[in-house]
Every structure is written in C-alpha cells, then in structure tokens.
Undergrad: 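I have a structure I would like to understand better, so I am pasting it below and will then ask my questions one at a time.
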Amino acid sequence: MKVEVKVNGVAYTRDVEPRTLLAYFLREDCGLTGTHVGCDTSSCGCCVVVMDGSRAIKSCSMFAVQADGHEILTVEGLAEGGKLHALQQGFWDQHGLQCGYCTPGMLLTSYALLKQHPNPSEAEIREGLSGNLCRCTGYQNIVKAVQQAAGSLAQPAAANT
Amino acid sequence: MAIQARPLHSVGVPMKRKEDPRFIQGKGHYVDDLSFPGMLYLSLVRTTYPHAEIKSIDISEAMKVPGVKAVITGKDLEAAGLGWLPTFHGFDKQMVLAIGQVLFQYQEVAAVFAETRAAAVDGAEKVQVDYAPLPVVADPFTSKTDKVLLRPDRESKTNHIFHWEVGDKDGTARALASSPKRIKQRIWFQRCHPAPLEPCGCVAYFDTMGRLQFHVTSQAPHVYRTALSLVTGIPEDKIHVISPDLGGGFGNKVPVYPGYVCAIVGALKIGRPVKWIETRTENLTSTGFARDYHMDVEIGATADGKVTALHVATTADHGAFDAAADPSKYPAGIFGIVTGSYSFPVAHAEVDAYFTNKAPGGIAYRCSFRVTEASYAIERGMDILADELGMDAVELRKKNFVRKDQFPYPSALGFTYDSGDYHKTLDVALEKIGYVALLKEQAEKRARGELMGIGFSTFTEVVGAGPSKHFDILGIKMFDSAEIRIHPTGAGIVRAGTKSQGQGHETTWAQIVAEELGLDPQNIMVEEGDTDTAPYGLGTYASRSTPVAGAAIVMAARRIREKARKIAAHLLEVGEGDVEWTDYKFQVKGVPSKTVTMKQVAFAAYTNMSQNEPGLEATYYYDPPNMTYPNGAYVAVVDVDRDTGETRVRRFVAVDDCGVVINPMVVEGQIHGGLTEGFAMAFIQEIQYDAEGNNLNTNFTDYLVPTSLETPHWETGNTVTPSPHHPMGAKGVGESPNVGSPAAFVNAVIDALSPLGVRHIDMPLTRDKVWRAIRDAETRT
Amino acid sequence: MIPAAFDYVRAHTTDEAIAHLQRHGAEARVLAGGQSLIPAMRFRLARPAVLVDINSLSELSHMRLNQVLTVGAIVRDSDIERAPWIGESRWSLIHDASRVVADPVVRQTGTVVGSLCHNDPAGDWTTVALASRATVVVRGKAGTRRIPIDEFLVDSFATAVGEGEMALSAEFPVPDDRTAGSYQKVERKVGDFATAAAAVQVSLNADGTIRAAGVALSAAGPCAVRVKEAERLLVGQKPSQELIRAASNAASQLSAPQEDLRGTVDYKKHLAGVLVGRGLRQALTRLGVQA
C-alpha cells in the first residue's frame, strides 16, 4: 500500500505492507534509525515518536499505514538549524544518558510532556516518563534534564513579561 | 606509587560526555542500524518443549514461503563441524542448533534466512518439528538425584557439572562446632536477567577479500575474534569483529550466542550479508541469565559478636549448558569474596553446579563473576547473626570489619584486599542517613505497630580481572591494553581493548590521557571495539575496565611522557636529566620560567625531533598485579504497608569507595543505574520456571523493570582510599551498586518485620510474599 | 514480532466501517487505539484478515457532556485525563482511573471504548463502567442498541458486540454534586494490569445517608464484577467504620481471582477488600465525610 508520511517536515512516500510497523517504517523505509525497538510488548518506550505535533505514540504499536497523511516528529527532527533542542541540551548537561538506547524515546515523551505541562514538578516528570524504561541511569538525571529543559523553554516567555 | 593531591586538571573533573551529541540526536550506530546491499534476515525457530527428543524437522513448507532463501538445522551445522560451540568457561560446550534433543524451552532449533524480516518470521512459523517429550528436570535439587540424565553427550554421566571449593574445610567445621553462637540459613539469589534495552544481534558478511566482517553486540570483540577463529577454522586475520555502539550490556553481551554462529554460516553458505536481531522474548528466554544460587550460609560467633568462622555451601543451577562466562580457573567465579568486609579467621566456601532444563548460563550481571551472590550471602548472613545475638546490625559490622591498619589484608579465602577504610565509609553513610534519629523514630513507630525498617549493606567486592597467574578466558590471560598516538598539533587518539556499553569511556579515557600528558581531553579521540585497529583486550564487564585498561592507558601515556621528555630536553637545550614534568609541563629543574608544553613537544616530535625517533606514540599491555577491592556502605530506610505488603523505599544512601575517581558525574550516574537494578532484583524481578519447565517471565510484561515512578531517589556520597597498586589509584565501580544494594533492601524489610519474628524472606520481596510473611507471623503469635 | 499479513481499510464514515465489518464477519477487527490488538498481532495470537481503521471517524472523536457523558469510540484515555471537568469531585472515579490505565504514552492512543470492547479481566475502564453504571452504544445491520454495561461484559475478552457490529460510544451518567468516587489499583509497576483494583462511587442524601453506591472489582473473575452485596449494604446507611468493613468483606468474599504471577488467590481476595475499604474512605473524604 502506498503511504505518505511527513517526518520531521519531509514527505516520505513509500509502498509498504499493511503489517509494517511504524517503528520499522521510520528506521528502514525512511532511513531514520534514531527511533529504537527494545521490546515486544509496548513496555519500554524506546520507539516513542510524536504524531501531529503533540501526541506521543509507541511506534511499535502502530502500523505505518495508520500514519498516512499524518506528521511524525522523531529524534532526528528535534534540533533546528544545527541548534540542539532544549531537551537535548538538558540530557547532555545533566548526564541523562549512558548507553543512549532509551534516549530518543525519552526525549520525545518529554517533548510531548512539556507541551502539556510546561512547568512540571519532579513527581509529574516521573509520572510522565513512566511509560519509558531505562536500565542505565536510574532516571534521576533524566528528571534533572527535563527540569532544565522546562526552565530554559520557559525563559523566552519570562523575558516578555 | 604515591598519589599526590593536586589541583584538578582532568581526572576528577565532572566533564560532560563527549559521546553524547550523537546519542541525543539519534545518530548512534547500533547493530540494527546497519544495512548492507542484498542483506538477508535471520529468524530462529525455537522449541516450546523444555526437554524432548527431536523426531524430525520438516523445512519444506518453510522453503515455500515467498522470500525464504534457506533453512538450516543442527544436522547441517554438525556436518560442517559447527554443531557445538565451546562455552567461554571451557568446562562445557553448547549446541548451536539443537541436535537430537532440546534441553530448554525456547532453545534454538532451526535458522531461517529470508529477504525481509517479515518473511523470515513467516518462514520460521512454517518449520515443522516433531518432538517426543522427555521428563523435565526443573530444579537443581531434582537434577542432583541423577534420575533423569540431561547430558548424555558428556563423558561423565551425571548432571553434576563441577564441585569447587576454597578455604579450610576442616578448620572451619571445627570452629563452627565450637562456636558459642551460630546461624545457618538457606539464602537463594533468584534467577535474573540483565535485560539491556538493546537486544543482542549481529550482521555478518564475507567481503571481496574473503574476510568475515562481523558487526556484533559484543562486550569483548577480540575474544570473539579468537573464539570464532578457533571454532570455525577461519584464520584470525580473516576475521574482523566490530562492536559498534552498544545499548547496554550488563554481562548479557559477553557470551557467543547460537544466532551469531548461524548468521555467519548463513552469510558463508548463501554469499550475502545476514542480519540477526533477537526479539525481547528471545533475549529473556535464551541468552545469559544470571544468579540462581541456593546458598547455605553458616556463621559462627562468640557470645559478644566476634565472628569465628564462615561456611557457605552453594547449589548452582546452570541451566542446560554451563555457559557461565567465568575465567577458566573460576567455575564459580570469584565467589571466594564471600567473607566480605569482615575478618574471618577461617572460612570455607564450596559450590556444586547442576544442569537443569532451563536456559544456559550464568553470567556476571553487572557484577564481577558471582560477586553479587557472595555479597548478598554475607550481608544477609551478618544481619541474621545480629538478629540471633540481639545486637545492632551496625555494631556487629563495625566489630568485625577489617581495620584500616590491616590492609593489604589477606582474607581467609585467599584474596589480598588492597585498601579500604570500612569504618569511615560506614560512618559517612550513618551521618548522611541520620541513623540515630531514625532509630528513635523506629522505636516510636514500632510501639504503634508500624513496620519501619533500616537495612545495611557494607560490602567489599573484587573487580579488575585480572592478574595473569590466576585469570584467563579460553586460555587468554586477562590483561588489557592501550595504544596512544599524539598528533603534531597536540590532539591525539587512544585505542583500548575494552568496549563501552554506556560507561563513558570516550570521555573517561580521554580524561586519563589529558591528565597524564597535560593536553585537552576534548582533543583526545577514543576508539574501542574494532579488532582491526584496537590493541588486544579482554573487553568490558565485571568492572574491569578502569582497573586494567585504565591502568594500561596511564602506563602508555607515561611511556609517551618519557619519549616526550627527550624531545623537551632538546627544545629546552638541556640534558635529559635536567628536565622534569611539573604542573603538567616540562620544566628545567630549578628554573620554573623555562618550560615547554606537551603541545609544543608534540609538534616538535614531527618537525624538530633531532636524534630522537620521530612521532609520539606508545602502546602498553597491562597485567594487573592484583584485583582491586571497591567497597561501600549502603543504607535503606523502608516503610512496609501491612495491608498490601507493599514496601516503600523512603530513603537510600549509597556511600562508595572506588579509590580515585576519574569523572564523578559518570560514577554517580552508574551508581544510580546499579541501585535501580538492585532495587528491581530485591522487589520485583525474577525469571521463573514452573515444575514443567515453562519459562514464565518471557517479556517485559512479566520480567519487570522499574519505571521512573517506582524508582526511589538515590542519595550518593563517596570516600577515597586509593588502590595502592593501580597507577592512578583507581578501582572499578560500575557494578558496586548492583552488588551491594540487594542486601540493603532485604535487610531493611526483614528489619521492619523483625518484631513479628520474621527472619528471612527470599527475593524478590513481592507484595504477596511480604503480606503473607506478616500474616503467617501474626497468626503464629 | 512481526504480525501475520492482513488487508487494511481506512473507514471514512461509520456506515462504511460497519459495512466492512459485515462483509468480512469474524475475519475483520476494528482498529481504534490498537494498544491491545497490535501487541497481540505481533505475537500472532490475533490474526485478523482485515483491519478496519476507524481513527478517521471524526464523529466518534467527541467527548460530550450534557445529559450524559458521551465518550466516542476514538476518544483517547488521555482526552479523559486532560478533560477540563476532570478535577470535579463528581468525576473523581473516572479521574483516578484515567491516570493509571496502562502508561502515560499508551494512554495517548488507547481508547476507553476499545478497552470496554477488549474486556480484559484485569482492565480498568470496565471496572469503572460497572461502578458508574455506564451504557455502551452499539450499531449494526439491525440498527443501534444501548447496552447496559452489566449485560455488555459477557466473559473474558468477550462482549455483547456481535459480528458485523461496532461500538460507537460509551455513555456515563452525570453524577450529582453529592457524589464522589475513587479508583484504587495495586499494580506491580506502571503499565502492568491490576493485581487487584476497586472502583467505588458513592452518592449521599442531604441527611448524610448513602443514596446510591457503585462498587466493582477488577482482576476478580472472568470479567470485572460489581459487588452487589457491598452496594446493598451501603445504600440507606450512614457511613461508618463498621459499614466500610462490611462492604470490604463482601468484596473480599465475592472476589474470585486466578492465581498468576501477580499474586495468589488469597492475597488477591484480601486486596479486593482492602481496596474497596480504601476507595470508600477516599470517596467519603472527597465528600467531606469522616467515616
């Protein structure tokens, strides 16, 4: 089946089997390998991307054909014009990653979380990330990373008041 | 070698990681990111029978599935001399694909190669295998009876794999018999699995030069290369192993798995690249499990709490093949560390291992080989002894700690602990947790019937395998290596024989070189994992990288410094003997104004080296003189909900001593991660098999990894007692939190329940188990 | 982990969706959130020949609050979680549940109606629907039916939706302002199904006695189950510790769970009672009543 998906602002038109999962579509048909597959049961969140600007989805539990006509943001689309997104900067500054495998999913879930809660408490961050697993960091620095990003994303607004 | 206090240049700096930019932009290079023209996908057919004879395998329907190119079975591999693979340990071998029988549920039975991932799975579904079930041996105690012989392929017709022991058997027995106080407890460390988020996998192909290009999730790429050469007969120069970015390892990526061999055979037979990436189910059910040690712990003591003797007898469940990735002289790993942080005058430890119808293993899951098991045994044992004596758990520990002045300390089981100040480290932890106030609070809560617990783990572990006289894997001694080259402009590259899976070597190795040579760590590139370019190493696991490869890097850098000194002398126009390395520069002795930097020397090494050899590089292969002994004091404070059996970890303080710290930010991150793994094992994690040999925890829906919501907040601290024999004074640390924490959690819960008379509960301390223990205890009283 | 092959159609109207379902019968499945269906398909435990994607049916994406709360078939769990009225204490049962279904990412795609149609014995929305007396609106060739939740839930993974039919929405009665609820769920970790869970909703009379009560349990039998005995004990009474204890015991006795990796039978039965008790206490606290 023909599908057209806009990923990170670029239209990809491909012919795929209906059973092609969105995660593999992104990785193999679009060549964007930043989105990872870590489990079989939609438990780990390594595959999270954002659909239509604000909805975090587990791309291992959606078919590419469902994304036809929609927009997808992957980790490769976070930085703009070579400048890291505040979340990426936060993860780097706060040592919120070690092996890097869960990181794209964490970034995208956080992206959607901050759209909903621009100033989340630690409890809200921990709750918001509870669909993403990490084996390396114990989550503590990931929380700090999101807090830093929330703070720096809020600044332009603060400057205007 | 004295470690001088000096202002921080690079070592000790919490430098941001250099490898992060690619990961945060989704540009890591993991094995599944690789794609080659004409690449085929491999899917393995696995059995649902835990123990059965294979009557027949029919691949004809599978071959008809569109896209399927080939199907191979154990018989095909056997004909090519590849039916069996030696395990790292050397005591055993394992089937690549099942031959004649299957020995554990999910064992590999056939390999299907197809044009697409989907076609390979479709094909695998169509392979028809006819089985005749055989009786299942689901636990090591049943296995011990030898009623059902699991391994007819072995020379000795028994399920008993080995007996290993260390220490003074008779002396210990006598000391125990004459001790006024004794405790004995069966303590089980349940079967767990490292479960890194990236499953295992590989891409194999033979290039136009006939070389095997093997991209693989391996924590030990050189060992893989040598092992593959020995097993396949392909000359070692014709094998190129590349471990790219690895999404976690934790010991899971040390063994060589059947999927790897099948991928190589497929690539050879079909003449196209083959990719094999396992599913999470396959990872949890067939790759290296950890633990599964049933330990009978006996401790003797005087009436006032001085320990007199320790005896631990372990029954080990190795599954269907002894695929334990242990150094060859250590079938039970470094279990001899079981005397822990205490001065036992005499001790005896023994392990008997058995085959069962379960997945093969046991590997070192984020620990030095079997050290988590040993640490758990002694820390639980000491708490049970404290309970028996009516003594405070802290008091008992302090009374029996190896004292600062006793180092280097020869333990009763043959180890020479390098350094430590256990009393100080524990005191730091007690201060941080506010122990005195907590005891008061606990007394008040107990009066009201509330269940609050405080649990300790004051562990010593042993890492850095290891000195060549004791340690080898498949005969290869466990040294490690570094090769450093400094470029004309003062930048450089260091290649090591280790392989990071998230430990941050691209940053920490650069920090070591920068420290030793007064250069900028941002301009020291680090490379690992490519066997064509990296010097031979034994890889990264068991917290060995800093102790061994880290030392090699220091020593190689010092060799460079020696070469550089000659050139510096030439630049400074003095004799070599008049030049010293001070404050990260070369200086004329006694003339502080006459200096030259390493950067200037580097340029001169290529442009103005005079009579000296051009260039500026060195290699060092480091054979450590001893292991290193990181240690720590952990305290957990818990509140147990009597109605639901839930344990809330209110606080957790971890004070670690790993000697000199290269990057405190990296170390702290590893402590957080390891504590989270320990927390999981203590409360929710287990690979269970039922009596019929069915694996019950085959996915993340039932093999539970805690989320950010359940995971406690970790409080960390450290003390520094440098390792006297390490050139930088550093020890390993990445695994300490996994080693030390399970006991702290369990000790805390048992402490909470102790007013009810509960003495021990095996992990994982699920709500059900804890609730039941409370209910049963209350029913008894 | 790759599903078996299937054909995919995207419906653009409800009638079109139903026509597809009628044409293919048992070979077709509705794809809404897919957060239960797709994982099952990845294990090849579910092998539909045809998937009918209803995610473009905008008429089913609405959540309307007037006489009843109507939740359309493709309203996401997170839409409930973020609803502007979700903080009102009358909706506290639904509020609590909306935060513990699956995990926060899955909730952004999973649907309430889909969860009701899936009818997992340890599901959350089915339990909430029972306690709040919801109705499921189903349409097929024979027209539209309104099925009370008690009749809708037939057996584990089986509902009253017949072949060629589709659930369009769920309707929840709007509680009055003397109503509050609570959803108490014990799970081993976020994302797990309930080890045990209790949905409680209590309405008071002006004199403080209980006018109406909804008590339901998850993971207590083949389907979520109403504890009618507990409801009967509660109605007409003034809240008290003994009353709560009696209701809890009724729940514990009725609970008929299976032993599994989440817990043993006696533990789960015990939990059922504990959670009903905690749920009642919390609902009453929300109503400003100390029992």
Side-chain angles (χ1 to χ4, degrees), chain A residues 1-3 16-24 28 37-52 54-70 105-106 108-113 115-117 120 123-133 139, chain C residues 1-12 29-56 61 74 76-79 81-83 98-110 114 187-193:
Chain A
M1 281 190 81
K2 190 164 86 81
V3 297
V16 296
E17 285 188 83
R19 62 174 164 167
T20 303
L21 296 167
L22 180 59
Y24 287 116
E28 294 172 357
V37 176
C39 77
D40 303 342
T41 49
S42 186
S43 308
C44 77
C46 291
C47 66
V48 172
V49 296
V50 169
M51 182 180 250
D52 298 334
S54 61
R55 185 169 127 205
I57 59 171
K58 292 195 169 179
S59 63
C60 71
S61 299
M62 184 173 285
F63 296 112
V65 290
Q66 292 176 262
D68 180 45
H70 289 272
M106 286 287 181
L108 273 306
T109 296
S110 303
Y111 179 94
L113 174 69
K115 293 235 151 178
Q116 270 300 122
H117 297 283
E124 282 169 331
I125 295 172
R126 281 183 179 267
E127 204 184 318
L129 292 179
S130 60
N132 291 68
L133 300 179
Y139 306 104
Chain C
M1 284 306 110
I2 310 282
F6 57 88
D7 288 326
Y8 168 90
V9 290
R10 187 183 286 197
H12 296 96
R29 294 290 297 267
V30 170
L31 176 61
Q35 300 300 284
S36 299
L37 178 60
I38 297 177
M41 289 175 70
R42 291 183 67 198
F43 279 93
R44 303 196 176 194
L45 295 172
R47 304 174 74 116
V50 180
L51 276 192
V52 181
D53 185 340
I54 64 165
N55 287 285
S56 297
S61 68
I74 55 173
R76 313 289 169 188
D77 299 328
S78 57
D79 293 332
E81 204 181 346
R82 300 167 190 179
S98 72
R99 298 179 63 182
V100 295
V101 171
D103 70 54
V105 176
V106 169
R107 287 204 284 279
Q108 295 180 50
T109 295
E187 52 182 353
R188 295 174 298 173
K189 52 164 277 196
V190 169
D192 196 14
F193 282 101

Undergrad: Heavy-atom distances under 4.5 Å only: say whether C:Gln108 touches chain A with side chain, backbone, both or neither.
TA: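 Contact with chain A: backbone and side chain both.
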Undergrad: Sort A:Thr20 into side chain, backbone, both or neither according to what part of it lies under 4.5 angstrom from a heavy atom of chain C.
TA: neither
Undergrad: Which members of residues 1-10 of chain C, sorted by number, sit under 4.5 angstrom from chain A on a heavy-atom basis?
TA: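 Contacts with chain A: C:Met1, C:Ile2, C:Pro3, C:Ala4, C:Ala5, C:Phe6, C:Tyr8, C:Arg10.
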Undergrad: Carefully, step by step, assess A:Arg19 and C:Met41 under the rule side chain to side chain contact (heavy atoms under 4.5 Å, CB included).
TA: CA-CA 9 Å; A:Arg19 62 174 164 167; C:Met41 289 175 70; over 6 Å; no
Undergrad: For chain C, which candidate among A:Met51, A:Glu17, A:Met62, A:Lys58 shows the most heavy-atom pairs at distances under 4.5 Å?
TA: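 Among A:Met51, A:Glu17, A:Met62, A:Lys58, the one with the most close pairs to chain C is A:Lys58.
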Undergrad: Under 4.5 Å heavy-atom distance to chain C, tell me which part of A:Val65 shows up: side chain, backbone, both or neither.
TA: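 Answer is both: backbone and side chain atoms of A:Val65 are under 4.5 Å from chain C.
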Undergrad: Can you check side chain to side chain contact (heavy atoms under 4.5 Å, CB included) on A:Asn132 and C:Val105, steps first, answer last?
TA: CA-CA 8 Å; A:Asn132 291 68; C:Val105 176; 3.9 Å; yes
Undergrad: Which bit of A:Ile57 is near chain C, if near means a heavy-atom gap under 4.5 Å: side chain, backbone, both or neither?
TA: both
Undergrad: At their closest point, which heavy atom of A:Ser130 faces which heavy atom of C:Val190, and how far apart are they?
TA: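 So the minimum-distance heavy-atom pair works out to OG-CG1, 3.4 Å.
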Undergrad: A:Asp68 versus chain C, heavy atoms under 4.5 Å apart: side chain, backbone, both or neither?
TA: both
Undergrad: Below 4.5 Å from any heavy atom of chain C, which atoms of A:Leu108 appear? Answer side chain, backbone, both or neither.
TA: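 A:Leu108 has no heavy atom closer than 4.5 Å to chain C.
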Undergrad: Return the OG to CZ distance between A:Ser61 and C:Arg42, rounded to the nearest 0.5 Å.
TA: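 These two atoms lie 6.0 Å from each other.
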Undergrad: List for me each residue that meets side chain to side chain donor-acceptor pair (under 3.5 Å) alongside C:Arg99, sequence neighbours excluded, and say none if there are none.
TA: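 Expected list: A:Glu127.
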Undergrad: Could you look at A:Ser42 and say if it's the side chain, the backbone, both or neither that has a heavy atom under 4.5 Å from chain C?
TA: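 Contact with chain C: backbone and side chain both.
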Undergrad: Among C:Asn55, C:Leu51, C:Thr109, which residue meets the side-chain contact (heavy atoms from CB on, under 4.5 Å) test with A:Gln66?
TA: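 That would be C:Asn55; it is the only one of C:Asn55, C:Leu51, C:Thr109 passing the side-chain contact (heavy atoms from CB on, under 4.5 Å) with A:Gln66.
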Undergrad: Find out whether C:Asp53 and A:Phe63 are in side-chain contact, i.e. whether some heavy atom of one side chain is under 4.5 Å from a heavy atom of the other.
TA: no
Undergrad: Pick whichever of A:Ala112, A:Cys60, A:Gly69 has the most heavy-atom pairs under 4.5 Å with chain C.
TA: A:Cys60
Undergrad: To the nearest 0.5 Å, tell me how far A:His117 NE2 sits from C:Arg82 CZ.
TA: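 Between A:His117 NE2 and C:Arg82 CZ, I get 7.0 Å after rounding to 0.5 Å.
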